[in-house]
Amino acid sequence: SVLSQTHKDLELVVVDGGSTDGTLKILADYGDRIRWQSASDRGTSDAMNIGFHRSTGDYITYLNSDDFFASNDVVRDAVRDLVNRPADILCADLEMIDAETGRLIHRIPSQPKRRWLGGILLPGAFIKRRLLEKKQFDLSIKIANDHELFSYWLEVEKASVVYVPRVHVHFSSGGVC
């Protein structure tokens, strides 16, 4: 879904934890359209930090292995939103999709005023690079690693947030929000 975006000024960085299932051939087939790395890492937080360090963009967004953009215009719309309403973080909603049928299970709204679990949702949030330069994912946190990070950015860095009431990302019912 990233390579299908109508906004073409973007980069795709894939951090693979050392797959042995044919993923590497698929990644290699994309040539220079994807920057990727495959090596064992210390978990999701480490992989996300590696991805950040390999990126060059002003804003970073994360998609996990079973996540995909809800439309081909997500990045275009996010760029337009950030031009019109500059912010450190642009967040939107997620939709959980049934892994077997592809049908919508339910929509999960970002709630940026909420400062703990369930506030800003990481997949599809566009995060200004300066925030990740200040603080990255804590390797000791194994699940919901984004919540501690968003709390820090909001409370300590006083990050500004814009919420848009639309869906940026779909994720599989087998994944973790």
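Position 1 is the first residue of the sequence, and the numbers go up from there. Just so it is clear, the structure is predicted and the values come from calculations on it, not from any experiment. When reading the values below, keep in mind they use all heavy atoms of this one structure, side chains included, and skip hydrogens, waters and symmetry mates.
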Peer 1: Assess, by modelled atom type and distance only, whether the side chains of T6 and N72 contain a donor and an acceptor separated by less than 3.5 Å.
Peer 2: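 Looking only at side-chain atoms, N72 and T6 do not form any donor-acceptor pair under 3.5 Å.
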Peer 1: I need the minimum non-hydrogen distance between V167 and V74, along with the two atoms involved.
Peer 2: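 Reported closest heavy-atom pair: O-CG2, 4.5 Å.
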Peer 1: Please identify which of these residues, D77, D81, V161, meets the side chain to side chain contact (heavy atoms under 4.5 Å, CB included) condition with L90.
Peer 2: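 Among D77, D81, V161, the one meeting side chain to side chain contact (heavy atoms under 4.5 Å, CB included) with L90 is D81.
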Peer 1: Rounded to the nearest 0.5 Å, what separates atom OG in S110 from atom CG in D93?
Peer 2: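 Spacing of OG (S110) from CG (D93) equals 6.0 Å.
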Peer 1: What closest approach, in Å, do A99 and S172 show between heavy atoms, and which atom pair accounts for it?
Peer 2: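 Shortest heavy-atom separation between A99 and S172 comes out as CB-OG, 3.2 Å.
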Peer 1: Once rounded to the nearest 0.5 Å, what's the spacing between atom OH of Y59 and atom CG of L82?
Peer 2: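 One finds 4.5 Å between OH of Y59 and CG of L82.
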Peer 1: Could you see if I50 belongs to whatever hydrophobic cluster contains L139? Use Ile, Leu, Val, Met, Phe, Trp, Tyr and a side-chain cutoff under 4.5 Å.
Peer 2: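 They do not share one cluster, since no chain of ILVMFWY contacts under 4.5 Å joins I50 to L139.
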Peer 1: Roughly how far apart are L3 CG and K8 NZ, rounded to 0.5 Å?
Peer 2: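 Taking CG in L3 and NZ in K8, the distance rounds to 7.5 Å.
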Peer 1: Might you confirm whether atom CG of D29 has over 12 heavy atoms from other residues, nucleotides or ligands at distances under 6.0 Å?
Peer 2: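 Yes.
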Peer 1: First locate atom CD of E157, then atom NZ of K134, and finally report the distance between them rounded to the nearest 0.5 Å.
Peer 2: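 Answer rounded to 0.5 Å: 5.0 Å.
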Peer 1: Do the side chains of I97 and I105 get nearer than 4.5 Å, heavy atoms only?
Peer 2: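 I105 vs I97: side chains apart.
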Peer 1: Looking only at non-hydrogen atoms, find the nearest pair between R35 and R54 and report the distance.
Peer 2: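 Taking R35 first and R54 second, the nearest heavy atoms are NH1-O, 2.5 Å.
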Peer 1: If you draw a 6.0 Å radius around NZ in K25, do more than 12 non-hydrogen atoms from other residues or ligands fall strictly inside?
Peer 2: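 No, not enclosed.
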Peer 1: Hey, is the main chain of R76 close enough, under 3.5 Å, to the side chain of H7 for a donor-acceptor pair?
Peer 2: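 No, the answer is negative, given that no donor and acceptor are paired below the 3.5 Å cut-off.
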Peer 1: For N64 versus P123, what's the shortest heavy-atom pair and its separation?
Peer 2: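 Minimum heavy-atom separation between N64 and P123: ND2-CG, 4.3 Å.
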Peer 1: Once you round to the nearest 0.5 Å, how far does CG of L154 lie from CD1 of I89?
Peer 2: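 Between atom CG of L154 and atom CD1 of I89 there are 5.0 Å.
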Peer 1: Is it true that Y163 and I108 fall in one hydrophobic cluster, defined by side-chain heavy atoms closer than 4.5 Å?
Peer 2: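 Not linked; separate clusters.
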Peer 1: Between W153 and L131 (side chain of the first, backbone of the second, donor and acceptor by atom type, cut-off under 3.5 Å), is there such a pair?
Peer 2: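 Judged by distance alone, yes, a pair lies under 3.5 Å.
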Peer 1: So for atom CZ, which belongs to R42, do other residues, nucleotides or ligands contribute more than 12 heavy atoms lying within a distance under 6.0 Å?
Peer 2: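 It does not: R42 CZ has 12 such atoms or fewer within range.
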Peer 1: Do D67 and Y62 have side-chain N/O donor and acceptor atoms under 3.5 Å apart?
Peer 2: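 No pair is found: no donor N or O on one side chain lies under 3.5 Å from an acceptor on the other.
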Peer 1: With a 4.0 Å cut-off, would you call K135 and E148 a salt bridge?
Peer 2: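 Result for this pair is yes, salt bridge flagged.
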Peer 1: Is it the case that the side chain of D66 and the backbone of F171 share a donor-acceptor pair, with hydrogens and angles ignored and the cut-off at 3.5 Å?
Peer 2: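 Between the backbone of F171 and the side chain of D66 there is no qualifying donor-acceptor contact (under 3.5 Å).
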Peer 1: Quick one: do V15 and I26 end up in the same hydrophobic cluster if we chain Ile, Leu, Val, Met, Phe, Trp and Tyr together by side-chain heavy atoms under 4.5 Å apart?
Peer 2: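 Different clusters: V15 never reaches I26 through Ile, Leu, Val, Met, Phe, Trp or Tyr contacts under 4.5 Å.
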Peer 1: Kindly say whether F52 contributes a backbone atom to a donor-acceptor pair with the side chain of S55 at under 3.5 angstrom?
Peer 2: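 Yes; judged by distance alone, with no hydrogens or angles, the pair exists.
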Peer 1: Please answer whether the main-chain N or O of I141 pairs with a side-chain N or O of N145 as donor and acceptor at a distance below 3.5 Å.
Peer 2: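 Pair absent, no side-chain N/O of N145 close to backbone of I141.
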Peer 1: Counting only N and O atoms by type, is there a donor-acceptor contact under 3.5 Å from the side chain of S151 to the main-chain atoms of H147?
Peer 2: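 Judged by distance alone, yes, a pair lies under 3.5 Å.
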Peer 1: What closest approach, in Å, do D41 and G43 show between heavy atoms, and which atom pair accounts for it?
Peer 2: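 Closest approach of D41 to G43, heavy atoms only: OD1-N, 2.9 Å.
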Peer 1: Looking only at the aromatic ring of each residue, does the gap between the centers of F126 and H168 stay below 6.0 angstrom?
Peer 2: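 Centroid separation for H168 and F126: below 6.0 Å.
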Peer 1: Linking I/L/V/M/F/W/Y whenever their side-chain heavy atoms sit closer than 4.5 Å, directly or via other members, would V13 and W36 fall into one cluster?
Peer 2: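 Result: no, two separate clusters.
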Peer 1: Please step through side-chain contact (heavy atoms from CB on, under 4.5 Å) for the pair V2 and F69, ending with a clear verdict.
Peer 2: CA-CA 7 Å; V2 175; F69 282 129; 3.7 Å; yes
Peer 1: Evaluate the side-chain proximity of I127 to L122: yes if any heavy-atom separation is below 4.5 Å, no if none is.
Peer 2: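 The answer is yes, as the side chains (C-beta and beyond) meet within the 4.5 Å cut-off.
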Peer 1: When you look at CD of E100, are more than 12 heavy atoms from neighbouring residues, nucleotides or ligands closer to it than 6.0 Å?
Peer 2: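 Result for CD/E100: open.
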Peer 1: Where do I120 and D146 come nearest, in terms of heavy atoms and distance?
Peer 2: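 For I120 and D146, the tightest heavy-atom pair comes out as O-OD2, 4.2 Å.
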Peer 1: Where the side chain of Q5 meets the backbone of V75, is there a donor-acceptor pair that is under 3.5 Å apart?
Peer 2: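 Checking the backbone N and O of V75 against the side chain of Q5, a donor-acceptor pair under 3.5 Å is found.
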Peer 1: Would you say that more than 12 heavy atoms from the other residues, nucleotides or ligands in this model lie under 6.0 Å from the CZ of R103, or not?
Peer 2: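 Atom CZ in R103 is not crowded, with 12 or fewer foreign heavy atoms closer than 6.0 Å.
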Peer 1: Regarding D73 and S71, is there a side-chain donor-to-acceptor distance under 3.5 Å anywhere?
Peer 2: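 No, S71 and D73 have no side-chain donor paired with an acceptor closer than 3.5 Å.
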Peer 1: Out of curiosity, M48 CE to H53 NE2, how far, rounded to the nearest 0.5 Å?
Peer 2: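 Atom-to-atom, M48:CE and H53:NE2 are 14.0 Å apart.
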Peer 1: Taking E11 for its side chain and T56 for its backbone only, find out whether a donor-acceptor pair lies under 3.5 Å.
Peer 2: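 Yes: the side chain of E11 pairs with the backbone of T56.
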Peer 1: Strictly distance-based, threshold 3.5 Å: is any side-chain N or O of R129 a donor or acceptor partner for the main-chain N or O of G57?
Peer 2: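 Present.
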Peer 1: For the pair S45 (side chain) and D138 (backbone), establish whether a donor and an acceptor sit closer than 3.5 Å, ignoring hydrogens and angles.
Peer 2: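 Yes, because the side chain of S45 sits within donor-acceptor range (under 3.5 Å) of the backbone of D138.
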Peer 1: Could you check whether D58 pairs with K128 (Lys NZ or Arg NE/NH1/NH2 to Asp/Glu carboxylate O, under 4.0 Å)?
Peer 2: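 So D58 does not pair with K128 through a salt bridge.
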